A.B. asks: 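Dropping a structure here in structure tokens format, bear with me for questions.
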Amino acid sequence: MKEQLLTLKNKALDELQKIKDVTDIESFKVAYLGKKGQLTALMKQIGKSPPDIRPEIGRLANTIKATISKAIEEKRSEIIASGAGKKEEIIDITLPGRKPLRGHVHPVNTVIREVCSIFSHMGFNVITGPDVELDYYNFEALNLPKDHPARDMQDTFYVSSNVVLRTHTSPIQVRVMEKTPPPVSIIAPGSVYRRDSDVSHTPMFHQVEGLLVDNDVTFGDLKGILTAFIHQMFGSGTKIRFRPSFFPFTEPSAEVDIQCVMCKGKGCRICSHTGWLEILGSGMVDPEVFRSVDYDTELYSGFAFGMGIERIAMLKYGIDDIQLFFKNDIMFLTQF
Ligand code: DAH
């Protein structure tokens with residue numbers, strides 16, 4: 001009996017040393033220590049051995065059982081630590097996939113579409129012009145004299161001495177009038193470029209230009225159309241004020257303010273405590289501009305206006321940093 005036990009112990013320990021996989025350890029354990037295991041079977045027979053040696057054999061059997069159990073646990077840790085015998089990674093094909101982040105219409109485009117849609121419904125045609133523009137259309141034909149500060153190298157990106165990146169969308173007015181006899185009514189969105197960059201300026205931004213020319217167009221028409229636009233864009237209760245201003249291509253000229261959307265006119269940081277926010281420039285087309293496109297200044301009159309899109313988007317959505325529009329942060333973009 002004693003011999004049988006010792007032989008079994010050696011056999012078990014030999015076998016255990018050869019194991020390389022954790023799952024094989026489990027079957028090994030069952031084969032020796034399980035209910036029907038080899039050691040268990042031997043131990044059941046201890047009762048049949050002579051009573052004088054029975055306690056000794058019992059103790060031996062228990063020691064062997066403990067030795068094998070300990071060896072099993074050591075082997076298990078050894079295999080796990082070596083990283084071997086790991087089960088192959090299971091891929092659960094029923095799990096839902098990771099969805100790629102969806103694109104989103106940029107808030108600048110949303111505002112451009114909205115502005116163009118409002119004016120389209122009032123009969124204006126949406127039109128575009130080139131970003132790379134001749135000095136003639138950007139300045140000359142718009143009555144911007146040679147010594148005008150906007151023509152300075154400091155403020156304008158020059159491609160060559162007579163080609164610039166357009167500094168505003170106003171040249172589109174000239175391009176349209178040159179090709180089309182009156183009446184014209186256009187709304188023209190696009191990118192514009194200026195050598196400017198800080199918290200409230202970016203070297204590229206967007207504008208929308210408007211122009212209406214016909215017989216007997218008056219300043220009253222300008223006020224009516226722009227008021228209708230602002231009421232649709234910012235709400236029908238929005239208070240508006242027309243303030244005299246100057247632009248070389250309009251006479252008279254006016255800047256249009258709306259009551260501050262943040263503080264409702266009480267005065268805050270956004271409106272510099274004035275209660276008002278400037279949102280566009282406008283005026284009656286200067287006869288000098290008509291002359292450059294051969295429009296009869298006795299027969300026709302018209303109004304024009306231009307607005308910065310980022311500025312309108314900032315006011316409409318309460319955004320306080322213009323740079324956010326150009327970072328393409330999906331968290332920012334999906335808010336609108
Ligand atoms: N072009 C002007 C600018 O960039 C905005 C502007 C003012 C456009 C008055 C107009 C206008 O058509 O009539 O600041």
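Keep in mind that what you see is a predicted model, and the values were worked out from it rather than measured. In listed order, ligands and their atoms are each counted from 1.
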A.B. asks: Give yes if a backbone or side-chain nitrogen or oxygen of Ala304 is under 3.5 Å from a nitrogen or oxygen of ligand 1, and no if not.
C.D. replies: yes
A.B. asks: Below 4.0 Å, non-hydrogen atoms only: which portion of Arg166 touches ligand 1? Side chain, backbone, both or neither.
C.D. replies: neither
A.B. asks: What atoms of ligand 1 come closer than 4.0 angstrom to any heavy atom of Arg194?
C.D. replies: 3 (C), 4 (O), 14 (O)
A.B. asks: Are the ring centres of Tyr300 and Phe290 closer than 6.0 Å?
C.D. replies: no
A.B. asks: Hey, which atoms in ligand 1 end up nearer than 4.0 Å to a heavy atom of Gly283?
C.D. replies: 13 (O)
A.B. asks: Give a yes or no on whether the ring-centroid distance for Phe247 and His168 is below 6.0 angstrom.
C.D. replies: no
A.B. asks: Just which atoms of ligand 1 are under 4.0 Å from any heavy atom in Gln207?
C.D. replies: 3 (C), 4 (O)
A.B. asks: Evaluating non-hydrogen atoms only, which member of Phe246, Phe249, Phe303 is closest to atom 2 (C) of ligand 1?
C.D. replies: Phe249
A.B. asks: Only heavy atoms of Phe247, strictly under 4.0 Å: list the atoms of ligand 1 that pass.
C.D. replies: 7 (C), 9 (C)
A.B. asks: Quick check: does Phe305 get an N/O under 3.5 Å from an N/O on ligand 1?
C.D. replies: yes
A.B. asks: Would you mind running through ligand 1 and noting each atom that sits below 4.0 Å from a heavy atom of Gln173?
C.D. replies: 12 (O)
A.B. asks: Going by the order shown, which atoms of ligand 1 are within less than 4.0 Å of some heavy atom of Thr250?
C.D. replies: 13 (O)
A.B. asks: Quick one: which ligand 1 atoms are inside 4.0 Å of a heavy atom on Ser170?
C.D. replies: 1 (N), 8 (C)
A.B. asks: Applying a heavy-atom cut-off of 4.0 Å, say which part of Met307 lies close to ligand 1: side chain, backbone, both or neither.
C.D. replies: neither
A.B. asks: What about the rings of Phe229 and Phe124, do their centers lie closer together than 6.0 Å?
C.D. replies: no
